[in-house]
Amino acid sequence: MCDLLLGQVICFNDTAMTTAPLDNAAFAMVHHTQGGVVVDQGKIQAVGPAVDLRKAYPDARIHDYGTKLISAGFIDAHVHFAQTAIVASWGKRLIDWLNTYTFPEEMRFDNIDYARAVARTYFDLALSNGTTTMCSFATIHPQSVDAFFTEARSRGMRALAGKTCMDRNAPDGLRDTAQSAYDDSLALLNRWHGQDRLSYVITPRFSPTSTEGQLRALGSLWAEHPDCLMQTHLSEQTDEVEWVKSLFPQARDYLDTYEAFGLLGANGIYGHAIHLEPREVDRLREHNSAIAHCPTSNTFIGSGIFPMTDLADTLRVGLATDTGGGSSFSMLRTMAAAYELGQLRGTPLTPPALWWLATQGAARSLHLEDRIGNIAPGMEADLIVIDLESTPAIKQRMTRAETFQEALFATIMMGDDRAIDQVWINGKKHD
Ligand code: GUN
Ligand code: ZN
């Protein structure tokens, strides 16, 4: 028997979104005031006006969410689940933040029980915030990847992750080697990639913590497994960019430290990419690579203002928390930060564009847009139900909202986990 979820529905008309998605999001957005979504065996069967669906599916089990909003689940295109416990650590910029807070915390993941406990906490937090898929960095310890995927699988989720590789500029106990990074990544890839809804992601942390030998080894691994994604960091802070120049004096720019070793490609997703040179933008475009925009992190660690509107028309850009560099697990808070950064550049993003970036845009950055990130027949049924009056402040603002976009924007700017009323994973209601 199929399920029929009733409520307001937000989804996107896919065909309008191949170019200039931020401009087109408002036209591509579809809003059903009294809508419904039919779910059968983990897949979306139909979406449309409630009256039509009730007629077409008279035997469906009804889940009536009243005036709440049914959306595709949020997708976090770049996160560090292992940094859950040190989210919101005060006062440092990137390199000091890594050395002071992040590396000591990641060291603790040599204990499998600790890794499992944090994975459990992380997934609880992600789901309570309506995030149904994420692409995560683990730590250098292979068991941190096992802990992440084991937890994701037990919840039936589509999730992506990889062992973070570092063979220099990291403390003792947090370094692998070129060979062990290759061997451990390959073993994890063979164990997890394509199992259930899980995907392995080849994960050099960033070029300052990898020798040329390690970058080359991981480039070879990617060439041998081109269907895998490859994730890393790129041009997040100006100090970091200078450091990369001194570590790789022969490189034309930061991106070249990846490009030279086979780590630039269409399945590459580069976190941050704030301070790019024109050549780097051109090369990312030519390769159809993706960028993960992490606005709460960019403000929290003081990294800079991502030039969203210059890049998102021609590059695949997804929205991401980057927790624990990012200060929130909530993609609503992340949308709000993206809006505020847009304002600082004089290019505010519309509510449909923000919603698109957190769902279909993020899916597209992970090459998963044909499976998740939208409500359309045939897509996997990862859905969230959102209360558009989740706090007194939002509720009183709603009394003056004249359009759906205005109503949506109140929750984008002021909402958090309290707005997430229900989560469906792979067609099943999550408790
Ligand atoms: N660059 C290298 N590692 C990290 C990390 O863990 N977080 C962020 N924000 N940037 C990084
Ligand atoms: Zn990151």
Side-chain angles (χ1 to χ4, degrees), residues 76-109 118 122 134-141 144 148 160-171 174-176 181 201-210 214-215 218 229-244 247 254-255 257-258 263 268-275 290-304 306 317-329 334 337 341 362 365-366:
D76 186 347
H78 175 128
V79 62
H80 300 255
F81 90 91
Q83 296 169 14
T84 296
I86 53 118
V87 65
S89 293
W90 188 84
K92 305 284 183 194
R93 292 170 69 91
L94 178 60
I95 306 305
D96 283 347
W97 175 82
L98 284 172
N99 288 320
T100 309
Y101 300 121
T102 311
F103 289 160
E105 175 61 19
E106 292 191 8
M107 212 103 77
R108 302 179 70 169
F109 283 70
V118 174
Y122 168 73
M134 67 291 290
C135 183
S136 183
F137 289 62
T139 68
I140 71 146
H141 314 96
S144 68
F148 176 91
L160 308 88
K163 175 197 126 64
T164 303
C165 301
M166 298 195 276
D167 66 345
R168 65 167 164 172
N169 293 321
L174 217 52
R175 287 192 309 272
D176 49 17
V201 185
I202 296 165
T203 307
R205 182 178 213 117
F206 68 156
S207 46
T209 48
S210 289
Q214 181 167 82
L215 294 172
L218 294 173
L229 298 190
M230 188 287 302
Q231 63 181 347
T232 188
H233 296 87
L234 174 67
S235 281
E236 181 176 358
Q237 293 208 340
T238 51
D239 292 359
E240 172 209 13
V241 175
E242 289 309 311
W243 191 27
V244 169
L247 290 169
Y254 195 153
L255 186 67
T257 65
Y258 298 129
L263 292 170
I269 175 157
Y270 302 84
H272 305 287
I274 301 169
H275 307 284
I291 292 174
H293 172 41
C294 312
T296 66
S297 170
N298 298 164
T299 53
F300 184 77
I301 317 188
S303 302
F306 178 69
V317 177
L319 201 58
T321 62
D322 192 35
T323 314
S327 52
S328 175
F329 295 90
T334 308
L341 287 179
S365 73
L366 302 173

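Note that ligands are numbered from 1 as they come in the structure, with each ligand's atoms numbered from 1 the same way. The first residue in the sequence is number 1, and the count goes up from there.
Protein N/O/S atoms found under 2.8 Å from the Zn ion (ligand 2), listed by chain and residue number: H78 NE2, H80 NE2, H233 NE2, D322 OD1.
The side-chain contact (heavy atoms from CB on, under 4.5 Å) test applied to S328 returns S330, R333, not counting sequence neighbours. In terms of the salt bridge (Lys or Arg N to Asp or Glu O under 4.0 Å) criterion, residue partners of D176 (sequence neighbours excluded) are, by chain and number, K163.
S136 contributes a side-chain N or O that, together with a main-chain N or O of F81, makes up a donor-acceptor pair within less than 3.5 Å. Looking at Q237, its side chain does come within 3.5 Å of a backbone N or O of I301 through a donor-acceptor pair.
Closest heavy-atom contact between S327 and F300: CB-CD1, 3.9 Å. Across P295 and L319, no two heavy atoms sit closer than the pair CD-CD1, 3.8 Å.
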Pairs of nitrogen or oxygen atoms, one from ligand 1 and one from the protein, closer than 3.5 Å: please tabulate them with distances.
residue, atom, partner, partner atom, Å
ligand 1, 3 (N), R205, NE, 2.8
ligand 1, 6 (O), Q83, NE2, 2.9
ligand 1, 6 (O), R205, NH2, 2.8
ligand 1, 9 (N), E236, OE2, 2.9
ligand 1, 9 (N), D322, OD2, 2.6
ligand 1, 10 (N), E236, OE1, 2.7
ligand 1, 10 (N), E236, OE2, 3.4

- Query: Could you go step by step and tell me if N169 and T209 meet the side chain to side chain donor-acceptor pair (under 3.5 Å) rule?
  - Reply: CA-CA 5 Å; N169 293 321; T209 48; over 6 Å; no
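No donor-acceptor contact under 3.5 angstrom links the side chains of H272 and H293, judged on distance only. A side-chain N or O of T232 and one of Y258 form a donor-acceptor pair less than 3.5 Å apart.
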